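Here the structure is a predicted model, which means the values were calculated and not measured. Just so we're on the same page: letters track the sequence lines, and every chain starts at 1.
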Protein chains: 4
Amino acid sequence: MPPVVSDKYKQEKKAAILKSAFECFAEKGFQVATIDDIVAHSKISKGAIYNYFSSKDDIYLELMNQHTNENISNLKVELEKLSCTKDKLDYIFQLYSQLNEQPQFANSTRVHIEFWLYSTRKEDLRDLMLDRYEMYKTLFNTILVEGIKKGEISSSVHTDEIAQIFWGLIDGISLHYSMLLDKYPYKQVYNEMKELIYTKLDMK
Amino acid sequence: MPPVVSDKYKQEKKAAILKSAFECFAEKGFQVATIDDIVAHSKISKGAIYNYFSSKDDIYLELMNQHTNENISNLKVELEKLSCTKDKLDYIFQLYSQLNEQPQFANSTRVHIEFWLYSTRKEDLRDLMLDRYEMYKTLFNTILVEGIKKGEISSSVHTDEIAQIFWGLIDGISLHYSMLLDKYPYKQVYNEMKELIYTKLDMK
Amino acid sequence: MPPVVSDKYKQEKKAAILKSAFECFAEKGFQVATIDDIVAHSKISKGAIYNYFSSKDDIYLELMNQHTNENISNLKVELEKLSCTKDKLDYIFQLYSQLNEQPQFANSTRVHIEFWLYSTRKEDLRDLMLDRYEMYKTLFNTILVEGIKKGEISSSVHTDEIAQIFWGLIDGISLHYSMLLDKYPYKQVYNEMKELIYTKLDMK
Amino acid sequence: MPPVVSDKYKQEKKAAILKSAFECFAEKGFQVATIDDIVAHSKISKGAIYNYFSSKDDIYLELMNQHTNENISNLKVELEKLSCTKDKLDYIFQLYSQLNEQPQFANSTRVHIEFWLYSTRKEDLRDLMLDRYEMYKTLFNTILVEGIKKGEISSSVHTDEIAQIFWGLIDGISLHYSMLLDKYPYKQVYNEMKELIYTKLDMK
DNA sequence: GATGAATGAGTATTCATTCAT
DNA sequence: TATGAATGAATACTCATTCAT
């Protein structure tokens, strides 16, 4: 419990807060979970939390940024390594194919969508969320556009729409899974979706 | 002693409260909108509202039940009138094709998904929501199953998965539209989705 | 503890809150006194207080408005009844001459000056306070101007400056009295001040 | 073992803290300004500040003591140099005549009066403040008493009351100026006040 | 049945002060 | 001595729900 403290210490503390916060949000929902919940869960004092974050919104935002940034940059790195369009798409599809096995997947989905909705009513948050959507969409779209350029995908494909359908389905399916849990046949639906899109792309 | 006010009066009052409540929820979100907002909007007193509903949750529940029941039974009635599978599917697809033109569509979507998420954490609400999902899924699934039986659809179609994909996409696309609004090309994405599914069904 | 309640009831409740609030402010100071203090002192619930007032600032403001309005309008009424300048000034001077005998005078002074200072840093409050100052200044100035017009006061008197000196002294003396209490010879100083100003006015 | 740092170093550090503290208090008010504001403004760590001062109150107290002591002793030194009563009074009056041109005057006034009021409620601070008042009053009073003794002032003057009126007016006028700023004709009022008092003294 | 005043636990956030390094 | 992270009680304000009239 010291001042004049290493960067590492601070990063770990911040990470610990974020971890606790995520678990609280996951358990109760972003709006319902309170700072006191995070205090109780993390055993870190309220004042300390506010030393690292400026508000409850800020905590979520960092949570999401971290998640998105890791996600997107990992994805980009991995996709760079692959040259043909099919491999790239396979890679992406495989990423989401087993998400339901991650224990926090349902909670995570709920938290993200809840905040997504919450942010609609807050000017300052909204743009951040829109940027995030744009990043994901572009990622998928780029693969398709390059696929067409390289002749690996039917040139009649409407890349932008397909990209939006992909993410729409990911969100829709995740949402339904997060509600129905074991009653929802995530994998089957997911595979069906993959087949649907692959048929459309007419990939070589 | 006869009742002091007629049943009709009571039903109208209840309907008026629900209407106001929906508008308040839509404008501010379910959790953020307050009973006082509903009082202000409906010009009905707080006490009166609690005469008709036992809680804020209860108001939402009735709202959703009513909406679902109307929706589903309307749908069933209309679908009964149609005999061939393609007509039935066309009818359903057409229903959602222009939803984005309805002024309250984005708000309505947000409210429903918000409550959907909210209900996950509440034992008593959860089952109600699951039933609702089941009803929608079954509706779509039944059409497909009958279509196969009548030979109007490829018998290799996984009806249940397709039904879940349909509603997953509806929810995913609606969610994205409700965030991005005019920046989201609802109709194009929707049409692409329709084509995707129709291709799969290989309808005659 | 009823709804559908008479105006009289509401006025009394409001008055009771204001009374308690004043006593709390007087005892601890405006900034230090808390809403919980007012709750404890008035035995009125926090929610009820916020039914009648929108904020702590608002409570003070009403307190001051009420006080100022009563004061000023009483003063105007009384002054109307008097025709010669000397009588009017005598009346005003007599008003403040025994204020120190009022039990709450010192506290009242402190609260008002504290809020006066506090309001300097708040845009919205500031103008209200300036108006109030203007009202008092004008009241005194008007008497002097009329006195000159009627030839009852030396025409060389700088009315505006004298008016500001009058209120400056009232505030300065009250401030000092509110700190020193019995150690401050309020009446003697006050009488000296009166003489000083009367000499200047060269009243007939 | 000799002290690690020199006394000079310590005094300078203390002075730096006081300077910053004054500026923070002046800008935001004593109660609103925070220790963190002082840290940010002074670039001195929180811990260091608490090495030199035991509390926020203590900082103010030292600030005021220093200010008062400097003021009073300067004043005494200057007044010693002058022999006739008129020169002494002229000197004092001239001191306050242009205060409004000092950029920090309004802020400074607010801080002092705010703390003055604040101190009324704190046993330990109160006596300090009373002493301070006494010192100022005595200073002025002494000049008048000596003036009478030397026959330079009318012997009918109530010296104590005049002294209190002087400081009452100084505080009252400063207070009003600190609120109204450019809307307050500080110099005119001040000169009028001077004339008023001089007339009374009937100085030779 | 209708009204709306009353309740009070609950909310995010602040800040003087402490103390391990 | 200096540092600044940690503490946690304190704050103004909110809002679903109750219940006397």
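The side chain of B:Lys13 lies closest to E:dA2 when the candidates are E:dA5, F:dA6, E:dA2. Of the candidate nucleotides E:dT13, F:dA2, E:dA16, E:dT13 has the atom nearest to the side chain of A:Ile35. Looking at the side chain of A:Tyr9, the nearest of the listed nucleotides F:dT3, F:dA6, E:dT17 is F:dA6. The side chain of D:Ser45 sits closest to F:dT3 out of E:dT18, F:dT3, F:dT7. Among the nucleotides F:dT7, F:dT1, E:dA6, the one closest to the side chain of A:Asn51 is F:dT7.
Distance B:Asp58 CG to F:dT18 P: 12 Å, rounded to the nearest Å. Atom CD1 in A:Ile17 sits about 12 Å away from atom P in F:dA5, given to the nearest Å. Straight-line distance from the CD1 atom of A:Ile49 to the P atom of F:dT7: 10 Å, rounded to whole Å. A:Lys28 places its NZ atom 10 Å from the P atom of E:dG10, with the value rounded to the nearest Å. For D:Gln31 and F:dA12, the CD to P distance is 12 Å, given to the nearest whole Å. Taking atom CD1 on B:Ile38 and atom P on F:dT17, their separation rounds to 11 Å, with Å as the unit. What separates OH of B:Tyr50 from P of E:dT7 is a distance of 18 Å, to the nearest Å. Separating the CZ atom of A:Phe25 from the C1' atom of E:dA12 is a distance of 12 Å, rounded to the nearest angstrom.
In this model, a side-chain donor or acceptor of B:Lys46 finds a partner on the base of F:dT17 within 3.5 Å.
The residue among A:Lys10 and C:Phe30 whose nearest nucleotide of DNA chain F is located toward the 5' end is A:Lys10. Comparing C:Ile44 and D:Thr34 by the nucleotide of DNA chain E whose heavy atom lies nearest to each, the residue mapping closer to the 5' end is C:Ile44. Mapping D:Ala48 and A:Gly47 onto DNA chain F by nearest heavy atom places D:Ala48 at the nucleotide closer to the 5' end.
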Would B:His67 and B:Tyr60 satisfy ring-ring contact (aromatic ring centres under 6.0 Å, His included), going step by step from the backbone distance to the final call? CA-CA 10 Å; B:His67 180 262; B:Tyr60 177 82; 9.6 Å; no
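Side-chain contact between B:Ile59 and B:Ile49: present, with at least one pair of heavy atoms (C-beta onward) separated by less than 4.5 Å.
Within 4.0 Å of D:Phe53, counting heavy atoms only, lies no atom of the nucleic acid at all. Among the atoms of the strands shown, only primed sugar atoms or phosphate atoms (P, OP1, OP2) are found under 4.0 Å from some heavy atom of C:Ser55.
Secondary-structure annotation of DNA chain F gives the stems E:2-21 with F:2-21, with a stem taken as at least 3 successive Watson-Crick or G-U pairs whose two distances both fall under 3.5 Å.
For an aromatic pair to be called close, the ring centres must be under 6.0 Å apart, and A:Phe25 with A:Phe22 fails this.
If you check the side chains of B:Asn107 and B:Gln104, you find a donor sitting under 3.5 Å from an acceptor. Under the 3.5 Å distance criterion, with hydrogens and angles disregarded, no donor-acceptor pair is assigned to the side chains of B:Arg126 and B:Ser119.
A cation-pi arrangement is found for B:Lys56 relative to B:Phe30, the charged atom lying closer than 6.0 Å to the ring centre and inside a 45° cone about the ring normal. For C:Lys14 and C:Phe53, the positive end sits near the middle of the six-membered ring, less than 6.0 Å away and at most 45° from its axis.
Within the 4.0 Å cut-off from OP1 or OP2 of F:dA2, at least one side-chain nitrogen or oxygen of D:Tyr52 is found.
Ion pairing of D:Arg121 with C:Glu27 is absent here, as no side-chain N (NZ or NE/NH1/NH2) approaches a carboxylate O to less than 4.0 Å.
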